[in-house]
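Here the structure comes first, spelled out in structure tokens, and everything after it is commentary.
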Amino acid sequence: MAHIPDGVLSLPVLAAGTLAGVGGLALGIRRLTDRDIPRTALLAAVFFIASSQAFSLGPTSVHLLLGGLTGLVLGWKAFPAIFVGLLLQTLLFGFGGLTTLGVDLVNMALPGVLLAAVVRPFIRVDRPARSAAFTGGAAALAVVITAVLVGVEIALSEPAFAPALGVMAAAYLPLAGIEAAVTAFVTLYLLKVKPEMIVAPAVLGTAI
Amino acid sequence: MTALLDLSGIRIRRSGRLVLDQVDLQLETGERLALAGANGAGKTTLLRTIVGLETPEAGEIIAFGRHRHDEDDFRDLRLRVGFLFQDSDDQLFAPTVIEDVAFGPLNLGFTPSQAIERAQAVLTDLDLLPLERRVTHHLSGGEKRLVALAGVLAMDPDVLLLDEPTNALDEAHLARLTTILAELPVAMILVSHDAHFLATLSTRAVLLENGRLMPAVAHRHQHRHDHVHFHPIEETD
Amino acid sequence: MTALLDLSGIRIRRSGRLVLDQVDLQLETGERLALAGANGAGKTTLLRTIVGLETPEAGEIIAFGRHRHDEDDFRDLRLRVGFLFQDSDDQLFAPTVIEDVAFGPLNLGFTPSQAIERAQAVLTDLDLLPLERRVTHHLSGGEKRLVALAGVLAMDPDVLLLDEPTNALDEAHLARLTTILAELPVAMILVSHDAHFLATLSTRAVLLENGRLMPAVAHRHQHRHDHVHFHPIEETD
Amino acid sequence: MATDAADAAAPTSRLDRLDTRTRVIVAVALVLTLVSLRSWVLLSAAIVLGLLLTGFAGIPARQTLRRLLHVEGFLLILFVALPLTTRLPPFLEIGPLALSLPGLERAVTLALRITAAALVVLPLISDLTPIRLGHALGRLGLPPRLVQVFLFSIRYIELLRAEARRLHDAMRLRGFAPRTNLHTLKSYGHFIGQLLVRAIERAERVNEAMRCRGFAGRFPLVTLERFGTADVGVAGLTVLLAAAALLLDRL
Ligand SMILES: Nc1ncnc2c1ncn2[C@@H]1O[C@H](COP(=O)(O)OP(=O)(O)OP(=O)(O)O)[C@@H](O)[C@H]1O
Ligand SMILES: Nc1ncnc2c1ncn2[C@@H]1O[C@H](COP(=O)(O)OP(=O)(O)OP(=O)(O)O)[C@@H](O)[C@H]1O
Ligand SMILES: [Mg+2]
Ligand SMILES: [Mg+2]
């Protein structure tokens, strides 16, 4: 549901979103070295596969967004990764639109990147439970913010929709819970097996 | 006494090519069956079929006296048949050794503390207790192989399917594995390209060729042969 | 005549542990060097260092008469040094066998049709032409191994680094590989846990132990030993 | 040799004669035009045009339908909620619910617009293979690193799926069956974590293997595509269509 199709958003919203998306992409690409390419491409693939595998939740079906996790592992490089994932989804599944790519990118990448930056200093190898609580919380909050962004963009394009959006946002809450649990367990796993994937280098240095 | 496993008329196609054709196979209690065959003969495919990971076009699988057709039947079967994969990396997925070995018992319905106890018992048997807290991902190739075996044994299977258990093992690990397997009172099917390993352990042999399974014997040429070790030059006599 | 490869004082740390310490290694033209060592001794790590996939903490690498420091140096080196990975799944990535084998020649600047021709020639040499159109990730373990080797040989390297080339190979393929390697006029480093294979092919041996490399000899125990084959029962005398 | 399993399986469309860049740009231009239209007549005309284009490109009806269903799914929630809850003057009141006429009107406009956009975009890009699109993106001037990420991720998707399949097999073989308990959640956490770690390491090793065979870090972006007369024609036509539609809409 987080993918907005072509034709919903108004031109000013599209323009603003695209601009922000391009900005994020530029920041991400600037940080992308040759060595980062496999990892970034792989998370793009993870993002793509996660979103193509819907699982049923009560009467509806949802799929993981993984914005928080992607942001944790990649930082600003989450922008190029998610951009590629979105492009593939549009191409292969027809999820989302072509003109809305920039907007969708901001919706899904920005919350994760910012929240990951906030919680990253608190992730420590020697405090796994606390770290998992932080990342899980960040992942859940990222989903909620994504939902809010989608809602605001639609409301700005078509004010008549504004009241309907509360209903939509509520639909995201269960997903936020699932993402929190999954991200927390993945954090526990990575802290044991490959902490350098999510721990800031400085923190890692002091913890080991 | 009926056979533990009884496959008849199995035919399997993989991406269009007929890999197994009219394969019959029985495994009796206490048997250690060597499954020989060239690369690509279909040995892995046959093991996968037994646990229901491949669906035959034709044929019957009877295990522990029951016909096995659908996923439910095989789910039950897998609780009694342990499968060691050709690649251990595919098999280990919990972060630490003890968690990985306890995974099977947890699925069998053990409580967490019972599962840990069971896992520790198996690790002790295999002399692997020192690895208990290690991260599975950082083990060497040989250690991974043995831990994967522990994970399979922790489920206390009635039948073991071992797909090239000796791959990538150094000589010390190989000797250790051979001893462990020789002492296990469990029926097993052994796949390996190490004919010597097979001949040492197996009580019966079959050969897979052109999609057909036939009885085989280990044919031994008694002749002079070197047994080779590498020693640092200093140590050499 | 200088050595093709000349490593001196190499020290490597992996996830904090010192894996190689003060390692010196020379490889001369025409040599086939056996690199022995237990699981986890650091054999793979040493090969990876030669082609610049690991960065040593200390030490010098000279290859083909030139110092090799940065990625550019090693890019050039890799065009002349063929590396067969321990795990073929890491090495095969093109969708079909022929495309995979032609990948190296294309990177060497061959035109597509020349590259295909070269790939076919190598596949023919290895008796693998029937696999030409097959999808690489649908091959059996042993088939993957041979195709990966074809991909390396297609680049016509001056030095071959073979990390456990015999893994998962059946007896026929093993014999074939031994013959092919024996006939190749290329210097090579051979890693394998099959001491017999190493002793048959190598002209010199080194042993890796406790992070140190030392000269070694194949120590042969002359004693009676069985050579085991599996035959269908019908064919047996 | 830029072929790929995905490429080989791709159906050929009659739009193949066009440069991929033209197709992408025309699609974007047409959608942007549609977003600016308000007239139901023009939007309906666009739907007809989209249907014609879909037919011309030879896209199977089932695929079209599936695509539309997905897009309309998005609309459904809005559609149900919108006319009921909007604060515009009511049209019909049923108990606490007030159905509003302008709300309904806007919903219809939006439905037409989304449908038209989907139908126009579908024939233009849906049959492009990822590899082709990657090459077109490179030629459109996207940063080379981004194009590399795109091309690599196409390769990794299959790799990742295979790893996931093997891991899942391994879990099933040890008697795992999903239930609603902590063990299940934890196992899934381990599954995803292991998949990530394994896949990242695998991806790095694959990349190393490629470098060992002389790969210099760049896929050669060879293509036989040219910006030809057909492209000029289509581009011109698009501009005319868009201008005419925008003009008529303002009348
Ligand atoms: N995933 C797959 N999809 C399609 N075909 C496959 C797949 N895996 C294997 N095959 C084919 O099935 C046949 C049997 O393969 P299998 O892996 O069972 O052989 P094997 O006897 O185990 O060989 P090896 O000793 O090399 O491991 C081979 O021809 C192989 O190419
Ligand atoms: N990716 C890695 N990250 C961190 N440590 C590693 C990694 N790979 C291997 N090691 C460690 O480096 C050491 C040497 O490993 P290496 O793979 O070189 O051994 P090897 O001699 O090739 O063993 P084998 O015969 O089992 O293949 C081992 O202790 C291993 O645990
Ligand atoms: Mg096999
Ligand atoms: Mg090794």
Side-chain angles (χ1 to χ4, degrees), chain A residues 1 3-11 14 25-26 29 32 34-35 37-46 48-49 69 73 80-81 83-85 87-88 90-95 97-99 154 158 160-165 167-168 171 181-182 184-190 193-194 197, chain D residues 24 27-28 31-32 34-36 66-67 70-71 74 77-78 81-82 85-88 102-103 106 110 113-114 116-118 121-122 125-126 128 130 133 143 145-146 148-150 152-154 156-157 159-161 164 185-186 188-190 192-197 199-200 203-204 206-207 217:
Chain A
M1 279 319 290
H3 302 69
I4 305 176
D6 282 320
V8 174
L9 299 178
S10 66
L11 283 177
L14 278 180
L25 257 183
I29 293 171
L32 198 64
D34 268 344
R35 287 199 89 90
I37 286 180
R39 174 172 299 212
T40 310
L42 197 105
L43 272 133
V46 169
F48 171 83
I49 290 177
L69 190 62
V73 177
F83 176 75
V84 164
L87 206 56
L88 283 169
T90 309
L91 191 67
L92 299 178
F93 301 145
F95 284 7
L98 202 57
T99 52
I154 293 178
E158 192 64 70
F161 280 137
L165 296 171
V167 184
M168 267 183 80
V182 167
F185 277 116
V186 173
T187 302
L188 286 177
Y189 188 91
L190 293 179
V193 174
K194 210 168 160 75
M197 266 177 70
Chain D
V24 172
V28 171
V31 172
L32 289 179
L34 285 175
V35 174
S36 321
R66 212 175 45 210
R67 174 67 165 265
H70 182 83
V71 173
F74 181 89
I77 297 186
L78 292 184
L82 172 81
T85 57
T86 180
R87 270 181 245 101
L88 295 167
R106 281 183 200 181
L110 202 68
R113 207 186 267 158
I114 290 182
V121 170
L122 182 70
I125 68 160
S126 75
L128 287 179
L133 183 68
R145 280 182 204 291
L146 189 60
Q148 292 299 317
V149 171
F150 185 83
F152 269 112
S153 70
I154 296 166
Y156 292 157
I157 285 172
L159 190 99
L160 205 63
R161 288 215 168 113
L185 257 182
K186 198 168 158 184
Y188 274 130
H190 289 169
I192 295 180
Q194 167 76 344
L195 193 60
L196 260 177
V197 170
I200 279 189
E204 279 164 1
V206 168
N207 182 252

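Quantities reported herein were computed from a predicted structural model and do not represent experimental measurements. Within every chain, numbering begins at 1; the chains are lettered A, B, ... in the order of the sequence lines, protein sequences first and strands thereafter.
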Given [X], which of [options] fulfils the side chain to side chain contact (heavy atoms under 4.5 Å, CB included) condition?
X: A:F48; options: D:I154, D:L160, D:I157; answer: D:I157
X: A:T99; options: D:V31, D:V121, D:L34; answer: D:V31
X: A:Y189; options: D:V197, D:L196, D:I192; answer: D:V197

What's the shortest heavy-atom distance between [X] and [Y], and which atoms?
X: A:A45; Y: D:S153; result: CB-O, 4.0 Å
X: A:V186; Y: D:G189; result: CG2-O, 3.8 Å
X: D:F152; Y: A:A41; result: CB-CB, 3.5 Å

Heavy-atom distance under 4.5 Å to chain D: side chain of [X], backbone, both or neither?
X: A:L190; answer: side chain
X: A:L9; answer: backbone
X: A:L98; answer: side chain
X: A:V193; answer: side chain
X: A:S10; answer: backbone

- Item | Heavy-atom pairs under 4.5 Å with chain D, option from A:T187, A:D6, A:L11, A:L43 with the top count |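 Of the options given, most contacts go to A:D6.
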- Query: In terms of heavy-atom pairs under 4.5 Å with chain D, which of A:L32, A:L25, A:T40, A:V182 leads?
  - Reply: A:L32
- Is the shortest heavy-atom distance from the side chain of A:V46 to the side chain of D:Y156 under 4.5 Å? no
- Query: Is there a side-chain contact between D:L32 and A:L14 (heavy atoms, below 4.5 Å)?
  - Reply: yes
Go through the atoms of [X] and report whether side chain, backbone, both or neither lie under 4.5 Å from a heavy atom of chain A.
X: D:A199; result: both
X: D:Y188; result: neither
X: D:L133; result: side chain
X: D:V35; result: side chain

- Task: Any chance you could measure D:L146, atom CG, to A:I29, atom CD1, to the nearest 0.5 Å?
- Result: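 Output value for this atom pair is 4.5 Å.
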